[in-house]
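What follows is a short report on a single structure.
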Protein chains: 2
Amino acid sequence: AVAAPAIAQGLPEIQWRLASSFPKSLDTIYGAAEVFQARVAAATGGKFQIRVFAGGEIVPAFSVMDAVKDGTVECGHTASYYFFGKDPAFALDTAVPFGLNAREFNAWFMHGGGKELLREFFATYNIMNFPMGNTGAQMGGWFRKEIKSVKDLDGLKFRVGGFAGKVMSKLGTVPQQIPGGDIYPSLEKGTIDAAEWVGPYDDEKLGFQKVAQFYYYPGWWEGGPSLSLYINQDKWKSLPDEYKAIVEAAAAEANVDMMAKYDAKNPDSLKRLVAGGAKLRPFPRDVMDACYKAAQEVYAETTAASPAFKKIYEHMVKFRDDQNLWHSVSEGNFDRFMQTRKR
Amino acid sequence: AVAAPAIAQGLPEIQWRLASSFPKSLDTIYGAAEVFQARVAAATGGKFQIRVFAGGEIVPAFSVMDAVKDGTVECGHTASYYFFGKDPAFALDTAVPFGLNAREFNAWFMHGGGKELLREFFATYNIMNFPMGNTGAQMGGWFRKEIKSVKDLDGLKFRVGGFAGKVMSKLGTVPQQIPGGDIYPSLEKGTIDAAEWVGPYDDEKLGFQKVAQFYYYPGWWEGGPSLSLYINQDKWKSLPDEYKAIVEAAAAEANVDMMAKYDAKNPDSLKRLVAGGAKLRPFPRDVMDACYKAAQEVYAETTAASPAFKKIYEHMVKFRDDQNLWHSVSEGNFDRFMQTRKR
C-alpha cells in the first residue's frame, strides 16, 4: 500500500472589487487603496485579489456606501462624511469642525472607544469599517480677498462642504457646492469668492494660486480627516480568519502610509506655491472664535436631530478635550520650539 | 489508475523567538511586540509563531542588537539608541535631541528616504529593521528644584541617557546612569537632583511626584522616539514572500497601535499626577535655546567622528526642517487653537 500524501487545506482564491470615491488624480488618497490591495495580495500569495476602481468607474463617487451596504461591491474606500445627509453620525468617522487631529483620531478609534461606537453605527448599514488614510489638517482654502475679521465672512461665496458650510452660513457665508474641476474657472470668473480643496500637494495641481492668492489656514472643519475602508458585513463574515487578520493589518498599514506620504510631499508644494505668489494667512482669532461658537450651535441642533450623532459626538468631545490637554504639554511645546527656534 | 490528489503546497510552520529590551512593566512598549506576534499568528493560521521574551529573560536588555546580528534569536524589539556606543548612527533610528516628532519620523522613514538610509546602515549589522512603536514626545523629567534659567543646569545631577547627557554636560549638568528601579530611592535620598523616564502613563507607576515635584517638558531629546523590530537578515531572507508581507504589515500596525495606546492612556495619568502634587513646568526659553546650541556642538563632533551618522543625520535635518515649516502652518495652528480655545 502506498500512503496517500497529506493534503494541505489551502486558503481559498477570492476576487473582490473595491469602489473608491476618489479620482486617480488625487493620487495620495486614491493610492491608499492600491497600497492596501497590494499588501493583501502579497500576504496571500496572490490568492486574495482586490481590484480597485476609481470614483465613477463602476460606482458613482457618492454611492460607495450604498454599493457596499447592498453588496453591489464587496468593499469601498471613501470619506464617511459624504453620507452626512443620511445621518450626520457618518461625519464622525471622518472629521467634524473643531474635532480630532490625525493622531488623535487614531488614538480614539484604536484605544479610546471610537471603534466600538462607530462599528455599532456602521453595523446598522451592514458595513464593517476600518480607518484607511488621513490627510492631516487641511488648509482653509483660497480666497480672492483678505479675511480681516469675521465681518468679511458675511456674503462670502465659499466653495466648502457640508458640515463646515452649515457652520459658516450662521455667519452669513453662502456655501457653494462645486465639483473639483469647476473650482478654477469659478474663482477666475469671480462667481465664487473662495474655495477649499485639500492641502498644498493636491491644491498645487489645480493652480488656484493664479486666481485667488490668499491661502488661509487652518481648515478647522478638517483637522485630521480619516478615510475609511468599508467592507460588506456578509462578505466580511465569509472570509477565513487569516484573511480577516491580513485585511486589518493591511488597512492599518495603508492608514499610516497615506499620512506619511502627504507629510513627505506637502512641504515642497507649499514652497512652490508661495514662490508662485500664494500669500499664506492664518484666519484671524476673531474669525476662529466666531466659527467655533457657530459650530457649537450646529452641534446643538445636530445632537437634537440624530441620536446616533449625539452618542458618538459626546464621547468624541470628551476624548478630544483630554487629548488637547495632554498634547498642549510636551508634544505641543516640542513642536512649537522646533518651528520657531533660531537657526 | 487512480489520479493522485493535487497537493496544495502549504506554507511552512515556523517558530521564532523575539527578544525584547523592555520589561513587562512598561506594558505599552513591551506590548507592541505582543500585538505584532498576535497579528502574525492570526494572519498565518498559527503557522508562524513568534514567542516574545522580556528584557533579560533570554537576552540582556542591551544585548538585543548583538543577539539578532549573530542569530542567537531571530528577532528583537528595542530602541536603537541603546547601541549609540557602537555607532552614534543607531540613535537616528530612534530619536536624537531636537529631532523628529512621531509623525515626522514615520514620514521620513516611509516616504522621505529614511528607510533606505537606515536599512543601508543596519545591513552592515546583518539586521533588517522596521519601525514598531512610538511613545510620542516624552516628558523632560522630574526635578527636585525649579529650573529658572540655564544656570540651574550647572552641577545638576540628572538621570538622563546617552545623547542628551552629552548635550547637557556642555552646560555643566552631570548625567547619571541609573536603572529604572533605582531612580525613586536616588531622588528620595537626594543622590540625584532630577530624573527623566518616559511620560505620565509610565512615570505614574513609579510615583516620582512624591520625591520630585517639578515635572518639566518637553523632553527635547526624545521628540518622537521610534522603537524598532530587528530581524536577522539571514532569517528574513529565508521567509516565504507571504510571511515577509505579513511581518511588514503587522509591524506597521503595531507601530500606530502603540502610539494610539499611549495617547489614550496619558491624559488620565497626567491629571492624577497633577492632582497628586506634580507641578507642570515648561523648560524656560533660555534653557531650550542653550540646549539647542549645545546640541549643535555635539552634532558637529559626532558628524566628524562617524561617517554613517553624518550621512543619515544631514538627510534627517533637511527633512525635519521642511516638516517644521509645513507643520507650523495648518497642523500647528489647528492644534494651538484647539488647545487654547475658550470653552
Side-chain angles (χ1 to χ4, degrees), chain A residues 5 7-8 10 39 42-45 98 101 103-104 106-107 110-112 136-139 199 217-220 223 241-242 245-246 249-250 252-253 255-257 259-261 263-264 266-267 270 280 282 288-289 292 322-335 337-339 341, chain B residues 5 7-8 10 39 42-45 98 101 103-104 106-107 110-112 136-139 199 217-220 223 241-242 245-246 249-250 252-253 255-257 259-261 263-264 266-267 270 280 282 288 292 322-335 337-339 341-342:
Chain A
I7 300 171
R39 178 60 76 205
T44 60
F98 304 103
N101 70 21
R103 190 166 131 180
E104 292 162 357
N106 287 337
M110 299 182 89
H111 287 284
Q138 296 197 3
M139 290 292 286
Y217 60 90
W220 46 260
D241 288 344
E242 290 89 335
I246 287 167
E253 183 184 24
N255 186 29
V256 57
D257 183 84
M259 183 73 269
K261 207 177 286 178
D263 280 340
N266 271 322
L270 181 69
L280 282 173
M288 292 292 287
D289 286 339
Y292 182 76
D322 276 353
Q323 294 294 298
N324 289 160
L325 171 71
W326 163 230
H327 287 149
S328 72
V329 182
S330 210
E331 197 75 38
N333 201 276
F334 177 74
D335 288 348
F337 179 79
M338 292 307 296
Q339 290 163 12
R341 81 206 126 95
Chain B
I7 302 173
R39 178 60 76 206
T44 60
F98 304 103
N101 70 21
R103 188 165 134 182
E104 292 163 356
N106 288 336
M110 299 182 89
H111 287 285
Q138 297 197 3
M139 290 292 286
Y217 60 90
W220 45 260
D241 287 345
E242 289 89 335
I246 288 167
E253 182 184 25
N255 186 31
V256 59
D257 183 84
M259 183 74 268
K261 207 177 287 178
D263 280 340
N266 272 322
L270 182 70
L280 283 173
M288 293 291 288
Y292 183 75
D322 276 354
Q323 293 295 298
N324 290 160
L325 172 70
W326 163 230
H327 287 149
S328 72
V329 181
S330 210
E331 197 76 38
N333 201 276
F334 177 75
D335 288 347
F337 178 79
M338 292 307 295
Q339 291 162 12
R341 82 206 126 94
K342 282 172 273 185

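Only this structure's heavy atoms are used, side chains among them; waters, hydrogens and symmetry mates stay out.
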- Query: For the atom pair CG (B/Asn324) and CD (A/Gln339), what is the distance rounded to the nearest 0.5 Å?
  - Reply: 6.0 Å
- Flag the one option from B/Val329, B/Asn101, B/Val256 with the top tally of heavy-atom pairs under 4.5 Å to chain A. B/Val329
- To the nearest 0.5 Å, what is the distance between CG (A/Leu270) and CH2 (B/Trp326)? 6.5 Å
- Item | With A/Asp263 via salt bridge (Lys or Arg N to Asp or Glu O under 4.0 Å) - residues at least two apart | B/Arg103
- Query: Any luck finding a side-chain donor-acceptor pair between A/His111 and B/Asp257 under 3.5 Å?
  - Reply: yes
- Item | When B/Ser328, B/Ala249, B/Gly199 are compared by non-hydrogen pairs under 4.5 Å with chain A, the top option | B/Ala249
- Message: Let's test your reading of the structure: which of B/Gly332, B/Ala43, B/Ala107, B/Ser330 forms the most heavy-atom pairs below 4.5 Å with chain A?
- Response: B/Ser330
- Message: Which one wins on heavy-atom pair count under 4.5 Å against chain A: B/Ala250, B/Pro282, B/Gly45, B/Gly223?
- Response: B/Gly223
- Segment of B/Met259 engaging chain A (4.5 angstrom heavy-atom cut-off): side chain
- Message: Between B/Thr44 and chain A, with a heavy-atom cut-off of 4.5 Å, which part of the residue counts as in contact: side chain, backbone, both or neither?
- Response: backbone
- Task: Name the region of B/Tyr292, side chain, backbone, both or neither, that has any atom closer than 4.5 Å to a heavy atom of chain A.
- Result: side chain
- Note on the structure: Highest number of heavy-atom pairs under 4.5 Å with chain B among A/Met110, A/Arg39, A/Glu331 belongs to A/Arg39
- Query: Considering only heavy atoms, which portion of B/Asp335 lies under 4.5 Å from any heavy atom of chain A: side chain, backbone, both, or neither?
  - Reply: side chain
- Ranking A/Asp241, A/Asp289, A/Asn106 by heavy-atom pairs under 4.5 Å to chain B gives rank one to A/Asp289
- Message: At a 4.5 Å cut-off on heavy atoms, which part of B/Glu104 comes close to chain A: side chain, backbone, both, or neither?
- Response: neither
- Message: Quick check for you: to the nearest 0.5 Å, what is the distance between B/His327 atom NE2 and A/Asn266 atom CG?
- Response: 8.0 Å
- Query: Excluding sequence neighbours, so at least two apart, what forms ring-ring contact (aromatic ring centres under 6.0 Å, His included) with B/Tyr217?
  - Reply: none
- Note on the structure: Between the CZ atom in A/Phe98 and the CE atom in A/Met288, the distance rounded to the nearest 0.5 Å is 5.0 Å
- What distance do A/Leu280 atom CG and A/Met139 atom CE have between them, rounded to the nearest 0.5 Å? 5.5 Å
